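One structure below.
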Amino acid sequence: MSATDFILREATQADLPVLLHFEQELIKAERPFDSTIKEDPVSYYDIAQMIPDENSYVVVVEHDKKIVASGYAQLRRARHYLDHEYYSYLGFMFTLPEFRGKGLNSKIIKALKNWSDEKGLKEMRLTVYDENVPAIKAYEKVGFKKHIIEMRLE
């Protein structure tokens, strides 16, 4: 499998069944990191609304006409005290287990960065669980740096 075996494209409403499945797989993968996630059924995103939204960019990666990875960028308003008014928030980064380690995360982030640049957004942010070391390494590999830690107390 080479990089040319994968096609990145914008998601469509026809992709929704696969994307909803990916969302549930992502939630299942993140449950061990977060005891505060509600019991099923639970959803993180309104993917159907995000796909046509001009301030969101949902992408998928296909291999042999099968969707194997996803991600999104979304224009968000920054906190009033920051030096930028808007930023690009990344989320829904999911790759089927058998396709991990093939550079798909990098391919998705590059496309999301291009979209963000076209929107004039110079800041990109995402959140990741502190204990999710593989994800942190993947994001650091494409240039992200740890910035802030959110802490909680029950």
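Treat the numbers as computed from the prediction; the structure is a model and nothing was measured.
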_Asn105 side chain near Tyr139 side chain, heavy-atom distance below 4.5 Å_ = yes
*Is any NZ, NE, NH1 or NH2 atom of the basic residue among Glu150 and Arg152 found under 4.0 Å from an Asp or Glu carboxylate oxygen of the other?*
no
*Ionic contact status for Glu140 with Lys137, cut-off 4.0 Å*: no
*asked:* Among residues at least two apart in sequence or on other chains, which ones pass salt bridge (charged side-chain N to carboxylate O under 4.0 Å, His left out) with Glu10?
replied: none
For residues 72-87, which side-chain N or O atoms pair as donor and acceptor with protein atoms under 3.5 Å away, sequence neighbours left out?
{"residue": "Gln74", "atom": "OE1", "partner": "Arg76", "partner atom": "NE", "Å": "3.0"}
{"residue": "Gln74", "atom": "OE1", "partner": "Arg76", "partner atom": "NH2", "Å": "3.0"}
{"residue": "Gln74", "atom": "NE2", "partner": "Ser56", "partner atom": "OG", "Å": "3.1"}
{"residue": "Arg77", "atom": "NH1", "partner": "Glu85", "partner atom": "OE2", "Å": "3.1"}
{"residue": "Arg77", "atom": "NH2", "partner": "Tyr86", "partner atom": "OH", "Å": "2.6"}

_Counting only heavy atoms not in Glu54 (residues, nucleotides, ligands), do more than 12 fall under 6.0 Å from its CD?_
no
*Residues two or more places apart in sequence or in another chain: which of them pass side chain to side chain donor-acceptor pair (under 3.5 Å) with Arg31?*
Asp40
*Under the salt bridge (charged side-chain N to carboxylate O under 4.0 Å, His left out) test, which residues partner Asp34, sequence neighbours left out?*
none
*Report the distance from atom CD1 of Ile67 to atom CZ of Phe22, rounding to the nearest 0.5 Å.*
6.5 Å
*Glu23 (side chain) donor-acceptor with Tyr44 (main chain) under 3.5 angstrom*: yes
*asked:* Does Lys113 have more than 12 heavy atoms from other residues, nucleotides or ligands lying within 6.0 Å of its NZ?
replied: no
*Which pairs pass ring pair (Phe, Tyr, Trp, His ring centres under 6.0 Å) with one or both residues in residues 107-126, sequence neighbours excluded?*
Tyr57-Trp115
*Check whether any side-chain heavy atom of Met50 lies under 4.5 Å from a side-chain heavy atom of Leu19, and answer yes or no.*
no
*Quick one: name the residues clustered hydrophobically with Met151, using the 4.5 Å side-chain heavy-atom rule over I, L, V, M, F, W, Y, and just say none if it's on its own.*
Ile149
*Compare every heavy atom of Ser88 with every heavy atom of Leu121, then report the nearest pair and how far apart it is.*
CD1-CB, 3.8 Å
*Using atom types as modelled and distance alone, determine if a side-chain donor or acceptor of Gln24 lies under 3.5 Å from a backbone N or O of Val42.*
yes
_Any donor-acceptor N/O pair, Ser70 side chain to Phe92 backbone, under 3.5 Å_ = yes
*Does the side chain of Met93 come within less than 4.5 Å of Ile109's, by heavy atoms?*
yes
